[in-house]
Amino acid sequence: MPRTIHVVGAGLAGLAAAVRLTGRGERVIVHEALQQAGGRCRSYYDAATRLTIDNGNHLLLSGNHAALSYLHTLGSEAGLVGPPRADFPFVDLANSERWTVRISDGRLPWWIFDARRRIPGTTFSDYLSFAPLLWASGHKTVGAVMSCRGPVYERLGHPLLLAALNVDPPEGSAALAGAIVRETLLAGGRACRPLIAAGLTEVFVDPALRLLKERGAEVHFGHQLRAFGLGEGLVSSLDFGAERVALDPADAVILAVPPWIAPSLVPGVAAPSEYRAIVNAHFRVDPPADFPRMIGVLNATTEWIFTFPQRLSVTISGADRLLDQPREALAATIWREVAQVAGLSGDLPAWQIVRERRATFAATPAENAKRPGPTTAWRNLTLAGDWTDTGLPATIEGAIRSGNRAAELA
Ligand SMILES: Cc1cc2nc3c(=O)[nH]c(=O)nc-3n(C[C@H](O)[C@H](O)[C@H](O)COP(=O)(O)OP(=O)(O)OC[C@H]3O[C@@H](n4cnc5c(N)ncnc54)[C@H](O)[C@@H]3O)c2cc1C
């Protein structure tokens with residue numbers, strides 16, 4: 001009987017691990033607590049807008065090599081769309097000024113020397129303010145190592161770092177911000193092209209489930225792990241409440257659950273315990289024909305607007321301040337801004353607000369320091385998830401890298 005590797009949690013970390021393991025011929029069983037895979041990266045039919053929407057707009061960049069390679073294996077990379085170049089349009093609602101940051105393709109950042117490509121009112125030397133992030137030590141905040149004021153910060157640094165870290169950038173981990181800058185801005189426009197999935201489940205999740213099925217893996221939904229049977233250095237069983245699965249000594253487990261679950265299952269495991277929210281607003285409307293695929297908005301509640309067929313969707317990061325606001329008022333405020341940016345008039349269309357309270361762990365130095373590596377005190381138990389120590393903030397790229405790493409170790 002070949003050994004079995006149990007993957008607990010069918011978010012992107014668990015799916016990536018299962019795809020990698022079955023690719024090398026391992027026998028895999030995936031256990032997911034809910035009736036749907038994808039975790040914090042999923043789509044569903046929304047009755048209010050009568051559209052299939054994502055729980056949140058998810059942005060990838062062309063330099064997210066693990067995510068792109070995962071989609072390549074699934075054969076669904078064509079479901080990612082974006083502009084042909086690393087162009088980032090912005091609008092400032094305080095004065096209606098519009099501009100586009102156009103990052104040049106190569107590693108040499110010649111775009112910062114070209115006034116038509118950089119932010120209006122800046123000089124090339126302003127961009128050097130990001131440099132200290134590249135060698136920042138683990139416990140420093142962004143605010144401690146770089147200036148968080150001036151046009152380059154306000155018009156590029158703040159929106160990009162807020163989106164990447166999901167914390168107010170000055171309190172964010174400079175090391176995590178440095179990793180983002182190194183893998184994107186410093187790698188040049190070829191690594192910074194924005195990529196947006198046509199639908200998260202359609203691109204990231206369903207093709208993985210299909211491939212796993214083809215490869216003979218089992219995926220059990222509604223299968224919530226309640227506890228491990230823990231022996232001397234080995235996990236000996238999995239307790240699913242009504243069912244208990246005994247493990248052979250050669251079997252292994254990859255635990256790919258969120259950070260608020262893992263410590264209740266694995267004694268002594270450290271995990272980040274502070275989170276930040278992301279709020280998304282979805283409006284059923286036909287976007288203007290020439291409206292960009294994605295646009296950054298400054299001096300507004302809205303931070304980014306994403307364009308989909310029949311829908312404009314807004315993302316607001318680090319959005320804990322909005323969690324207790326009445327939904328109707330929030331939708332009206334955001335719609336006013338969207339209508340202004342898109343040149344649309346008229347009443348509030350059909351809308352939905354999705355508030356993910358624990359969208360990501362708070363990417364502060366203190367929370368980052370709590371992230372564990374993949375190995376545990378039990379030789380056959382490996383951890384995966386965006387919250388494990390990947391060197392990246394909680395992102396799709398980090399989740400998939402952690403799943404790949406766990407698969408290599410299992
Ligand atoms: C609104 C929002 C917007 C985001 N935007 C972006 C973005 O633009 N770009 C980006 O890169 N990232 C973004 N992210 C982050 C990204 O979604 C996450 O980093 C990633 O999906 C995490 O995957 P994961 O597999 O580590 O964890 P999860 O997705 O949390 O998966 C864990 C899975 O484990 C299951 N589970 C839990 N307990 C058990 C149990 N006891 N037994 C069995 N199963 C269990 C859960 O149901 C879940 O399916 C965003 C997240 C949110 C919420």
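First listed ligand is number 1; within each ligand, the first listed atom is number 1. Computation of the quantities below employed the complete heavy-atom set of this structure, encompassing side-chain atoms and omitting hydrogens, waters and symmetry-equivalent molecules. These numbers were taken from a predicted model, which means no experiment stands behind them.
- Compare His220, Arg358, Arg226, His58 by their heavy atoms: the one nearest to atom 51 (C) of ligand 1 is in His58.
- Every N/O-N/O distance between Thr360 and ligand 1 stays at or above 3.5 Å.
- For atom 30 (O) of ligand 1, the closest non-hydrogen atom of the protein is Arg40 NE, 2.8 Å.
- The shortest side-chain heavy-atom distance between Leu298 and Val91 does not fall under the 4.5 Å cut-off.
- Residues Arg244 and Ser237 bring a donor and an acceptor atom of their side chains to less than 3.5 Å of each other.
- Considering only non-hydrogen protein atoms, atom 49 (O) of ligand 1 sits nearest to Glu32 OE1, 2.6 Å.
- The nearest heavy-atom contact from the protein to atom 37 (C) of ligand 1 is Pro258 CD, 3.5 Å.
- Set against the non-hydrogen atoms of Gly385, the atoms of ligand 1 under 4.0 Å away are 26 (O).
- A distance of 6.0 Å or more separates the ring centres of Trp99 and Phe88.
- Within the 4.0 Å heavy-atom criterion, the part of Asn57 lying near ligand 1 is the backbone and not the side chain.
- Every atom of ligand 1 with a heavy atom of Val8 under 4.0 Å away is listed here by number and element: 42 (N), 43 (C).
- Between Ile278 and ligand 1, not a single N/O pair is under 3.5 Å apart.
- Ligand 1 has no N or O atom lying under 3.5 Å from any N or O atom of Val257, backbone or side chain.
- With a 4.0 Å heavy-atom cut-off, ligand 1 is reached by the side chain of Ile261 but not by its N, CA, C or O.
- Checked against a 3.5 angstrom limit, the closest N/O atoms of Asn55 and ligand 1 fall outside it.
- Relative ring orientation between Trp335 and Phe283 is described as tilted, the plane-to-plane angle lying within the 30° to 60° band.
- Under a cut-off of 6.0 angstrom, the local environment of CZ in Arg3 is crowded, with over 12 non-hydrogen atoms contributed by other residues, nucleotides or ligands.
- The structure places OG1 of Thr375 at 8.0 Å from CG of Leu383, a figure rounded to the nearest 0.5 Å.
- The nearest protein atom to atom 22 (C) of ligand 1, hydrogens excluded, is given as Asp386 OD2, 3.4 Å; this is a heavy-atom distance.
- The protein non-hydrogen atom at the shortest distance from atom 21 (O) of ligand 1 is Cys41 CB, 3.6 Å.
- Distances shorter than 4.0 angstrom do not occur between any heavy atom of Arg42 and any atom of ligand 1.
- Cation-pi check for Arg149 over Tyr153 is not met; the charged atom does not lie both under 6.0 angstrom from the ring centroid and within 45 degrees of its normal.
- Close approach of ligand 1 to Ala13 is summarised as follows: ligand atoms under 4.0 Å from at least one heavy atom of the residue are 25 (O), 26 (O).
- Atoms of ligand 1 lying under 4.0 Å from any heavy atom of Ala394, numbered from 1 in the order shown and given with element: 15 (C), 19 (O).
- At a 4.0 Å heavy-atom cut-off, ligand 1 touches His31 through the backbone alone.
- For the 3.5 Å distance criterion, the side chains of Ser313 and His282 qualify, holding a donor opposite an acceptor.
- Using a cut-off of 4.0 Å between Lys/Arg side-chain N and Asp/Glu carboxylate O, Arg85 and Asp105 are scored as salt-bridged.
- Within a 6.0 Å radius of CD in Glu232, other residues, nucleotides and ligands contribute 12 heavy atoms or fewer.
- Residue contacts with ligand 1: Ala359 is placed with no nitrogen or oxygen under 3.5 Å of a nitrogen or oxygen of the ligand (distance criterion only).
- Between Met146 and Leu133, some side-chain heavy-atom pair lies under the 4.5 Å cut-off.
- Between Trp260 and Tyr275, a ring centre-to-centre spacing shorter than 6.0 Å is recorded.
- Here is the list of ligand 1 atoms found below 4.0 Å of a heavy atom in Gly9: 33 (C), 34 (O), 35 (C), 44 (N).
- Taking a cutoff of 4.0 Å between a charged side-chain nitrogen and a carboxylate oxygen, Glu218 and Arg27 qualify as a salt bridge.
- Distances between N or O atoms of Glu356 and those of ligand 1 include no value under 3.5 Å.
- Under the 4.5 Å side-chain criterion, counting only non-hydrogen atoms from C-beta, Arg102 is not in contact with Trp111.
- Under 4.0 angstrom from ligand 1, the non-hydrogen atoms of Ala256 all belong to its backbone.
- Minimum interatomic distance between Tyr70 and Ile400 (heavy atoms only, all atoms of both residues): CD2-CD1, 3.6 Å.
- Per-residue contacts place His223 under 4.0 angstrom from the following atoms of ligand 1 (heavy atoms of the residue considered): 42 (N), 43 (C).
- Inclusion of Ala33 in the set of residues having an N or O under 3.5 Å from an N or O of ligand 1 is warranted.
- Looking at Leu156 and Tyr127, their side chains come closer than 4.5 Å, going by heavy atoms from C-beta outward.
- The residue from Leu12, Ile396, Val7, Ile316 that puts a heavy atom closest to atom 10 (C) of ligand 1 is Ile396.
- When only non-hydrogen protein atoms are considered, atom 23 (O) of ligand 1 lies nearest to Ala399 CB, 3.6 Å.
- Side-chain polar atoms of Asp286 and Gln310 form no donor-acceptor pair below 3.5 angstrom.
- Proximity to Gln224 (heavy-atom distance under 4.0 Å) selects the following atoms of ligand 1: 40 (C), 41 (N), 42 (N).
- Scanning the protein for heavy atoms near atom 7 (C) of ligand 1, the closest one is Leu59 N, 3.4 Å.
- The contact set between ligand 1 and Leu34, taken as ligand atoms under 4.0 Å from a residue heavy atom, comprises 47 (O).
- Closest to atom 42 (N) of ligand 1 among all protein heavy atoms lies Leu225 N, 2.9 Å.
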